Structures are given as structure tokens and as C-alpha cells.
There are 2 protein chains.
Amino acid sequence: MIEPVTKRRTDGLSKEVIVRAAAAILDDGGEAALTFRALTARLSTGYGAIYHHVANKSDLLAAATDAVIARVMRDAVVGAEPRQALRTVSLGLFDAIDAHPWVGAQLSREPWRPALLEVYERIGGLLVALDVPAEALFDAAGALVNYVLGVAGQNAANARLLTSDEADREAFLGAVAARWAALDPDEYPFVHQAATQLREHDDREQFLAGVDIFLAGIATLR
Amino acid sequence: MIEPVTKRRTDGLSKEVIVRAAAAILDDGGEAALTFRALTARLSTGYGAIYHHVANKSDLLAAATDAVIARVMRDAVVGAEPRQALRTVSLGLFDAIDAHPWVGAQLSREPWRPALLEVYERIGGLLVALDVPAEALFDAAGALVNYVLGVAGQNAANARLLTSDEADREAFLGAVAARWAALDPDEYPFVHQAATQLREHDDREQFLAGVDIFLAGIATLR
DNA sequence: ACCTGAACACCGTTCAAGT
DNA sequence: ACCTGAACACCGTTCAAGT
């Protein structure tokens with residue numbers, strides 16, 4: 001068998017391969033599972049090999065997060081109607097962060113990441129299409145992006161807390177709702193009354209309701 | 001000098017003392033500085049003594065966070081006009097999280113904490129005063145609380161990243177703005193154009209602008 | 001009941017040595 | 001240029017032993 005002239009190992013390490021492995025570990029076992037020991041085991045390599053392609057753990061997490069966000073932005077097919085497109089993009093981010101809770105934590109730890117560029121550009125562009133006046137554009141885009149990432153991050157924290165078991169989720173929400181319901185209605189009128197809705201609410205729908213409130217507020221700026 | 005009958009050491013450990021020391025360490029050196037070793041040194045005690053009052057590190061962080069939020073809610077004197085009161089409460093939370101960035105990270109890690117009860121109650125009550133219809137109340141309160149905590153958390157992440165030096169902050173924002181300005185205006189029209197505003201914007205004002213957009217959106221629900 | 005601190009089972013990161 | 005893996009300087013947490 002004849003060796004190729006440039007004998008490059010097809011299974012050689014690269015930042016991309018490492019980042020993909022890291023993302024798989026994060027999806028499997030959450031943030032605590034991503035250790036350099038787990039990574040070297042999965043890639044059958046040594047620590048130095050990884051550090052040769054990646055500056056440190058923080059760099060690794062950032063790169064994995066960028067990859068997820070970039071994929072969402074690439075896949076988010078956006079229709080013509082800007083209002084609906086804003087809902088689609090927002091929901092795409094929400095779902096991606098729900099599926100990869102570590103992304104939510106990372107984004108709130110390091111905003112201004114390159115991946116967020118695409119998000120700002122897309123959302124800002126759609127706000128322009130909505131005729132938001134120029135002087136309000138920056139604040140409106142900032143607020144909406146922050147709302148989307150903020151809520152998605154909070155939701156991801158819950159997802160992380162509750163594993164992926166639906167029964168767990170109901171039990172947890174039920175327990176919190178019971179605590180809320182047990183509060184003195186004179187001292188906590190709102191929370192006491194909101195207990196039922198807490199038990200029954202759908203995070204995704206509540207998220208979208210928030211986006212709609214936002215868009216309604218932005219519409220008053222026109 | 002006569003010993004009191006129950007000779008309780010006034011300098012004895014208690015959860016409150018431990019939590020206060022932890023908060024001081026967190027304020028001084030950030031989240032990475034809070035270790036059980038630093039805590040035992042500061043309190044001149046052993047690990048076991050701390051574990052006797054506190055379940056683990058996560059419990060400690062949660063308790064310290066609850067204390068900060070409870071203080072904000074206690075101190076937030078709220079005027080009669082609900083719209084203004086909502087802005088005051090929101091700003092109080094923003095400022096507290098800005099002053100104690102670790103609170104922002106912790107809140108997005110563990111929502112549904114007891115401290116947030118007070119926040120939901122206050123904000124929910126003010127929305128009732130704003131005549132938000134009952135069926136929209138839960139979603140509106142959830143969205144607003146999430147917005148406030150989300151943005152404050154993002155802002156805190158920046159604060160953590162940038163230390164407390166104002167020159168650092170300007171240099172950092174300047175660098176990001178320069179990167180944004182350098183982008184191809186055809187490919188990134190919005191971000192390219194927003195670079196100037198990014199350099200000049202005030203986080204606190206942008207936060208309040210977002211709250212106002214929100215309240216304007218909520219007003220359309222009436 | 002409350003406290004002490006050695007010990008355990010982990011971390012991220014470095015670096016001399018290999019190919 | 002790229003990889004190996006022992007070693008270092010840390011962690012959070014436990015627990016037998018003390019008062």
C-alpha cells in the first residue's frame with residue numbers, strides 16, 4: 001500500500017474535533033461532566049494535545065457555544081413578515097438553549113461573543129424592517145436580545161436542575177406551586193393567586209408571550 | 001465580672017456570620033475567591049464548623065444571594081404611582097446585581113429561590129395596580145422579572161469581566177466597537193452602524209429604556 | 001452541640017520528554 | 001508540529017477525634 005505524499009492523519013486532532021467532543025460531553029452530562037480528563041479519554045489523547053489547539057477550558061466552552069449559536073442562525077429560515085420572523089428567531093434561540101442548557105449559562109457569562117454578532121444583526125435588521133425609528137433602534141435591539149437570552153438562560157437553568165424527566169419537572173413545579181399556594185393571601189396576594197398558573201404554565205408559550213409584549217411596546221415607538 | 005447564666009459565645013459561628021463573611025469574600029475577589037479555605041481563614045475556624053451550619057457551597061451561595069435580594073426589596077421604598085414604582089424596583093435590582101455581580105450569576109443558576117418570591121410579589125402587585133387584565137398578569141410578571149434579572153445578569157457578567165476600573169470598561173467597549181465598525185457594512189449593516197452607540201451607551205439607561213418598552217407593551221394589554 | 005484539621009478524591013494546567 | 005502523561009497546585013467534602 002502506497003502512503004500518500006503528505007501523510008496527514010485523517011483522525012488527527014483539530015480544534016473542531018475537540019469542540020465537537022466537548023459539546024457531546026456537555027450534552028450528555030452537563031457542565032460538571034466536561035473535564036480535561038473526560039475529554040482526553042474520549043479522544044484517546046493527552047492533555048497537551050488538547051492545549052495545543054485550545055487555550056484553556058473557558059476558550060473551549062466559548063467555542064462550543066459559538067458553534068451552537070452559529071448553527072441556529074444558519075438554520076433559522078426567516079420569512080418575509082418581520083414580526084413573525086422575530087418570533088421565529090427568538091424561538092429558535094430559546095429551543096437551542098433549552099436543548100443545550102450549558103449554552104445559556106455560557107452566554108450569560110460571556111456576552112459580546114462573536115456568535116452574538118449574528119444574533120444582533122438579524123434582530124436589528126428585523127427591527128429596521130418593523131420601522132423602529134433610528135434613535136430607538138439600538139436600545140430596542142439590546143433589550144430584545146437581552147430578553148431572549150435572559151429568559152432562555154433562566155429556562156435552561158431550570159432544565160439543568162430538573163434533568164430531562166418530565167415527571168421530575170411536574171413534581172418540582174408542583175412543589176413550588178404548593179409553597180406559593182400555602183403563603184398567606186393577605187401578605188402575598190399576587191404570588192398566592194399565581195400558584196395555579198405556575199403549575200400549569202408552558203415555558204415556551206410564556207416566553208413567546210413576553211416577546212409579543214415586547215413587540216407591542218416597540219410598536220408604540222414608531 | 002459575672003458570667004451570664006447562659007454563657008453563649010458572642011463571637012460564635014452561625015449561618016448568618018458565615019453568609020456575611022462569604023458575601024464579603026465574593027464582593028472582594030469575585031466568585032473564584034470564595035473557597036472553603038479562604039472562608040476558614042477569614043473566620044479562623046475549620047471546615048467542619050462551616051459544614052455544621054451550611055449544607056455545601058451551593059447552599060452558601062444561595063443564602064448569600066437571598067440576603068442581598070431581601071435587602072433590596074426591604075430598602076426599595078415604593079411611591080404611589082405604579083409605573084414609576086416599577087422603574088424604581090427594577091433599577092434597585094439592577095444596581096444591586098451590578099454592585100454584587102455574583103448575585104446575577106447565582107440567580108440565573110437557581111431561579112425559584114425564596115428571595116425571588118418578594119420580587120414576583122412586588123412586581124405582580126404593581127402590574128395589578130396598572131390594571132393589567134387578570135389573564136395576562138402571570139405572563140406579564142414573568143416576562144418583566146425575567147427581563148430585569150436577565151439584563152442585570154448580563155450586565156453583571158460584563159462588570160465581572162471588566163473589574164471595577166472605568167478605563168478598562170472604556171477600553172473594552174472601544175475594542176468591541178472597533179471590531180463592529182470594521183465589519184463589512186453590506187454584510188452587517190445593523191451592527192456596523194450600531195458600533196458608535198455601543199461605545200457611547202450607558203448600560204443603566206439602556207436597561208431603563210428596555211423597562212419602558214416593556215411597560216408600553218403591557219399597556220397595550222389593558 | 002459545636003468545632004478541628006488531616007485526608008480523600010477530585011480539578012485545570014504545565015512541561016520535559018518523546019515522535 | 002504535534003502529542004504524551006507525570007507532576008503541581010489547587011479544589012469541595014468527609015470524618016475521626018477533640019471540647
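Only a predicted model underlies this, so the values are computations on that prediction, with no experimental measurement involved. Throughout, a chain's letter reflects where its sequence line sits, starting with A, and its residues are numbered from 1.
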Given that both distances must come in under 3.5 Å, which nucleotide forms a Watson-Crick or G-U wobble pair with C/dC2?
D/dG18

How many angstroms lie between OG in B/S90 and CG in B/L126, if you round to the nearest 0.5 Å?
9.0 Å

Atom CD1 of B/I18 to atom P of C/dC2: distance rounded to whole Å?
11 Å

The nucleotide from C/dC3, D/dC3, C/dT4 with an atom nearest the side chain of B/T45 is C/dT4

Please state how far atom NE2 in A/H52 lies from atom P in C/dT13, giving the value in whole angstrom units.
17 Å

In whole angstroms, how far is the C1' atom of C/dC2 from the OH atom of B/Y51?
17 Å

In whole angstrom, what separates B/L39's CG from D/dC11's C1'?
14 Å

Length of the CG-C1' vector between A/L13 and D/dT4, whole Å:
12 Å

Could you give the NZ-to-P distance, from A/K57 to D/dC10, as a whole number of Å?
18 Å

Selection from D/dT13, C/dT13, D/dT4 that lies nearest to any side-chain heavy atom of A/F36
C/dT13

Can you find a side-chain donor-acceptor pair between B/D184 and B/H192 that sits under 3.5 Å?
no

Just N and O in the side chain of A/H53: are any of them under 4.0 Å from OP1 or OP2 of D/dA1?
no

Do A/Y51 and A/F36 make the cut of ring centroids closer than 6.0 angstrom?
yes

Starting at CD1 of B/I50 and ending at P of C/dC3, how long is that distance when rounded to a whole Å?
10 Å

On DNA chain D, more 5' by nearest nucleotide between B/A55 and A/S14 is A/S14

Quick check for you: to the nearest 0.5 Å, what is the distance between A/L107 atom CG and A/I97 atom CD1?
5.5 Å

Between D/dC3, C/dC3, C/dG12, spot the one nearest the side chain of A/R37, thanks.
C/dG12

Nucleotide forming a Watson-Crick or wobble pair with D/dT13, both distances under 3.5 Å
C/dA7

To the nearest 0.5 Å, atom CG of B/L34 lies from atom CZ of B/R42 at 10.5 Å

C/dC3, C/dG12, D/dT13: which one has an atom nearest the side-chain heavy atoms of B/Y47?
D/dT13

Give A/L43 one of three labels, base, sugar-phosphate or nothing, depending on what nucleic acid heavy atoms sit under 4.0 Å from its own.
nothing

